[in-house]
Each structure stands twice: as structure tokens, then as C-alpha cells.
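First comes the structure, then the notes that go with it.
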There are 2 protein chains.
Amino acid sequence: MAPEALIGKGMEPTFMHHHSHKSPLPRYYQLKEIMREKIISGAWKPGDLIPSERELGEQYGISRMTARQAITELVNEGMFYREQGKGTFVSRHKITQQLIRLTGFTEDISARGQAPATRVLNVTMIPADENVAEHLRIRVGLPVLRLQRLRLADDEPLAVERSHLYFIGCEQLVDDDLEHQSLYRLLEAKYGIQLIQAEQELEAGLTNEEDSKLLHLPIGSPALYTRRTTYTNRDQPIEYARSIYSGSKYTFYTHMMRNQLVL
Amino acid sequence: MAPEALIGKGMEPTFMHHHSHKSPLPRYYQLKEIMREKIISGAWKPGDLIPSERELGEQYGISRMTARQAITELVNEGMFYREQGKGTFVSRHKITQQLIRLTGFTEDISARGQAPATRVLNVTMIPADENVAEHLRIRVGLPVLRLQRLRLADDEPLAVERSHLYFIGCEQLVDDDLEHQSLYRLLEAKYGIQLIQAEQELEAGLTNEEDSKLLHLPIGSPALYTRRTTYTNRDQPIEYARSIYSGSKYTFYTHMMRNQLVL
DNA sequence: CAGTGGTCTAGACCACTGC
DNA sequence: CAGTGGTCTAGACCACTGT
């Protein structure tokens, strides 16, 4: 390996020298993006040995600990795994290849070659009932946004989602376009809210009359029931959603790590 | 805060001074355990501000970066969250309070005040078929362990699990007691295999004749179908399991983080 | 302003893998 | 043996929060 820093020649996010200028992005973060790109582009393939921490540090003109931080975060995201004394390797999981970013209903459906769509059935402000208030950790009666959506693939209904959201300014969502935009992106871009974690419960059941109509199914068809609470990076529960997925048409995918393993 | 090191007086895992003796456990790891204990014991409650990184370092006679590593790992596990300029806080999630360690079928059921049990229906070595070989990343026809288990709560059948395992020495599992021992613990303790990640698919469906009999349900009852591949810390798929959970009796719980969010 | 987490450095020794 | 990741240090400057 040549000891030159290969960085800054024509790339948009550039490593800054020391702390001279205002840093645009942290160095470890830039390296993360570079390594992600290596995988997406196929330069690094599943099972490949990546350069050592010391090598990467030298190559990009950063310290070993900074390079290590970039690698560590990607290990935590399941992209890489390490072997003591041998090196760091690219994982062979689905999660590595496919998405990395955010997989959503929309992308799931697109990936299967179908056309995803969302129809807003209902969006209003209502006072929080006891159940919703408990999940959102607010007082009963506070105004929350209620959003009911129908999810479709190739014009065929797949799921009904009933969400309740609460945050300062949530009432503005009533006027937003929620049919052609991801709620996630909207929250992040317009409201500056980052969603980081979610707790979700799933169980199997049968459709009731209302949902059967919406999903174009016979009453009592098999369905996946989910209840999800989504949290911001500040540990604030921001959304509580209950969904019904048409059993025969939707597969729910999970990636579990470390302490979440259920055996 | 007094600048004394509060460590080493009567505790089992003790911080070592510098690198003089052979370290028993990494310092950041010991601090992790201490902080976990603070939460389990209730000394630190959900929402509490924990001591700063600098304080913890001073208190336990370690550098700030080492204390920070301990905190960072617990943040990644969902125990803490950080706020720039304010401090680090204890999360309010279920995951924080309940388990931390490993939640399993056994503990789930116990937590509900029921008596969990496992009945081994079948355990043999068979050649891997195409589907199993693909999921375990081995050649078709290699001998794998097939394990069929019935899971019960208060003597009532809850789920049927059909697993295939492959690793060097897996044939010894035939002689192990799989009814009164967690498979996870057995793999770790006896075979030195650490399970770190899993991919799982879930969908809703209806029970067939065989499963209905095993689960004491009418044919065509709602059920949760899962397919799981479990990976070791070396990125080796070691188990491929298909399960059927009785829909009315079992709720599947997931905690999703960062890049796994589906919205 | 002092205190917090966020980033970063330039070293160091260790345990482990491979040759 | 040289190379890898695993751990650790004692500093440093930054951006951000509170008062």
C-alpha cells in the first residue's frame, strides 16, 4: 500500500486537515460512507477481507482509533464482522447487500416488482385515550394526530395501519401530503425528528368485518396483527401504530442482534 | 464527587492497575456490568441522568475513553441514550427493565406466570435438502441435525419448532438433553459457539392437519409462521428453524434499531 | 460561563492467527 | 515471526446545553 492519502481528489465530502477549517462531516463518518459505497458498488464482496484498521488509517490520513470507530459502527450494523488476529470481513447477510439505509413498505414492494401505494383513509386530531396516552407517555386527553392508511401493492390492498402521533407541532401533519411521501422522511426533513428505535409486537389472528372490507378479504381471513411504538433519538415515543397485514400476501422481516435473540 | 477510586474493595471482578497483572476482564466490560447492575437493582431508574464520562473515569480510575466505550455499548443495546451537552440517561424501554440478558421462550413464559416446557418430538441426523443447505450455506447432502420440538406453557402446546443445525460435532447433540436445557446455552457452554445475530421472517397463516394435532387446535386455526436463520459471531449460519406459533396464545416481540426501521 | 457529549490523536501493550 | 484486532491512556478541540 502506498502511504499517500487518497482522499480529497474530486470527492464531495472531503477529509479536512486537522481542525483547521470547520469540519463538514466527522472523519469516521466519511470513512463509513466510503466503506458502505465499496459494498454497494461491489468493490468489496460478502466474505471479503477488508484492509486492516492501521492500513485504513494510513490510507485516509486518520488515526487508527478513528478508522476503528468507523468499522465498529458498521460491525454494529451487521455489515462487517471481526475475527481476532485475522481481520475484518464483509458479512454475508441479506441486510448487508440489500438495504443498509431504510427498508420500508415502499421499498419492500418495489423490490418484488410491484407498485406500492398508500391511501390515507383518515387524518385528524383527537384527544388521546388511555391506551394511546400510555404508549406515548403523555396525559390522557392531550391532542394527538390520528392517521389511518391503507397500503397497497399493484392496487391490491395489503395492510391497514392506524397510527397515533404526538409531538410539538404534530397538528401540521394534517396538511401534509402523506400519500406520496414517507412519514419517516417527512418527520426527519420537515420536523427535524430522528426515529431511532421501535418496539413491536406481532401476533396472528383473523380479520374482522371492517378490516376485511378494506383488505378485500372474506371475514375471518388469516392476518398479522402488529403494535408498534417508535422512539426518537431522545428516547421520546412519538408514534403508536396498530396494523393488520393480509396474511397470505405479506412477510414480515426482522434482523435480530446480540441481546435480542430468542431461542 | 470524591476523586477516590471506589473499586476493588470486596468486588469479585476487580479493576487492575495499569497493565501490571494479567487482566481478568477488560475494564470497560467491568464498568458495563457495574452499570447494568445499577439498573437491575434500581439504583438508576428509567429517565435518570447517569454520571458523566469524565466522572465515571475518575471514579473508577480509568480514562474517559474507556468509560465512554462502556457507555457506548450500553447505548447500542438500548439501555442508555445520550443528549449532546446534557448528559447520558437511562432509557425507558421495556428492553431496559426486563431482560438485558437473553430473553427466551422459557423466560417469556415464566414472566407471564406460566410453566414453560419443551418436548422433543424427534432428533436425528439427515442429509441436507436443497432448501436447508442453502440457508446453512453448505452442500446438499451433508449430514445435518434435525430437531423437532413442541413448546408448552402450563402443559398447553404453544408452538412447534423444526430446526436444522450444522457445525463440526453437531451429531453429538443427538445425545444431549434438549428438553431441560436451552439449546443456546448448550451451544455456548459445551460447543463454544456464540450466537450473535438472526434473520427472521414472519407471516400469518392457518394450521395444517399435522400441526393442528400437535397444538390441539382445530384445523385451519390462525397461526404465526416463522423462518429463522441464526448466525455465530463468525458469521456462520448455524441453525435454520421453521416454527408455527398458536396465534391466539403467543405474541412475538421485537425491538428494532437504527437501520432496521420499517415505516 | 462551566459542564456535557462528539471527535480525534499518537502512542502503547495484549492475545490471537498465520506462516 | 510479523500482522491483526482488543484494550487503554492522557491529552486535545469542538458543538452544544444549562445558568
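Quick note on labels: first sequence line is chain A, next is B, and so on, each numbered from 1. No hydrogens, no waters, no symmetry mates; every other heavy atom, side chains included, goes into these values. Note that the structure is predicted; figures quoted are calculated from it, not measured.
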- Intermediate values then yes/no, side chain to side chain contact (heavy atoms under 4.5 Å, CB included), Phe80(B) and Ile71(B): CA-CA 8 Å; Phe80(B) 296 150; Ile71(B) 295 169; 4.2 Å; yes
- Task: Show your working on side chain to side chain contact (heavy atoms under 4.5 Å, CB included) between His164(A) and Tyr166(A) and close with a plain yes or no.
- Result: CA-CA 7 Å; His164(A) 291 83; Tyr166(A) 179 79; over 6 Å; no
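Counting only heavy atoms from C-beta on, Tyr28(A) has its side chain closest to dC8(C) among dA15(D), dG5(D), dC8(C). Proximity note for Met65(B) (side chain, C-beta onward) versus dC8(D), dG5(C), dG11(D): the nearest is dG11(D). For Ser63(B), the listed nucleotide lying nearest its side chain is dC8(D); candidates were dG5(C), dC8(C), dC8(D).
A sub-4.0 Å separation between OP1 or OP2 of dT4(C) and a side-chain N or O of Ser52(B) is present. When the side-chain nitrogen and oxygen atoms of Arg27(B) are compared with OP1 and OP2 of dT9(D), one or more of them lie within a distance under 4.0 Å. Within the structure, every side-chain polar atom (N or O) of Thr66(B) is placed at least 4.0 Å from both OP1 and OP2 of dT7(D). Between Arg54(A) and dT4(D) there is no side-chain N or O to OP1 or OP2 distance below 4.0 Å. Within the structure, every side-chain polar atom (N or O) of Lys86(B) is placed at least 4.0 Å from both OP1 and OP2 of dG3(C). Dashed line: the shortest gap from a side-chain N or O of Arg68(A) to OP1 or OP2 of dG6(D) is under 4.0 Å. Proximity of Thr88(A) to the phosphate of dG5(D): a side-chain N or O atom is located under 4.0 Å from OP1 or OP2.
With the nearest nucleotide of DNA chain C identified for both Ala67(A) and Glu83(B), Glu83(B) has the one nearer the 5' end. Mapping Gln84(B) and Arg82(A) onto DNA chain D via the closest heavy atom, the residue that lands nearer the 5' end is Arg82(A).
Between the side chain of Ser41(A) and the backbone N or O of Glu37(A) there is at least one donor-acceptor pair closer than 3.5 Å. Here the side chain of Lys45(B) pairs a donor or acceptor atom with the backbone of Gly42(B) at under 3.5 angstrom.
Here dG5(C) presents its P atom at 15 Å from CD of Gln69(A), a figure rounded to the nearest Å. Put simply, CG on Leu49(B) is 12 Å from C1' on dG5(C), counting in whole angstrom units. In this structure, the CD atom of Glu55(A) is 9 Å from the P atom of dG5(D), given to the nearest Å. Going from atom NZ of Lys32(A) over to atom P of dT7(C) covers 10 Å, rounded to whole Å. One can place CG of Leu25(B) at 15 Å from C1' of dC8(D), the figure rounded to the nearest angstrom. Here the C1' atom of nucleotide dC8(D) and the CG atom of Leu31(B) are 14 Å apart, to the nearest Å. We find that CD of Glu53(A) is positioned 12 Å from C1' of dG3(D), with the value rounded to whole Å. For the pair Leu56(A) CG and dG5(D) P, the computed distance is 8 Å after rounding to whole Å.
Checked against the 6.0 Å centroid threshold, Phe167(B) and Tyr191(B) count as a close aromatic pair.
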- Query: In dot-bracket, 5' to 3', how would DNA chain D read with Watson-Crick or G-U wobble pairs under 3.5 Å, [ ] for crossing ones and | for pairs to another strand?
  - Reply: |.||||||||||||||.|.
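At a threshold of 4.0 Å, the pair Lys38(B)-Asp48(B) does not count as salt-bridged, since none of the basic side-chain nitrogens sits closer than that to a carboxylate oxygen. Electrostatic pairing of Glu53(B) and Arg82(B) counts as a salt bridge here, judged by a charged N lying under 4.0 Å from a carboxylate O.
The closest side-chain donor-acceptor pair between Ser163(A) and Glu239(A) falls under 3.5 angstrom.
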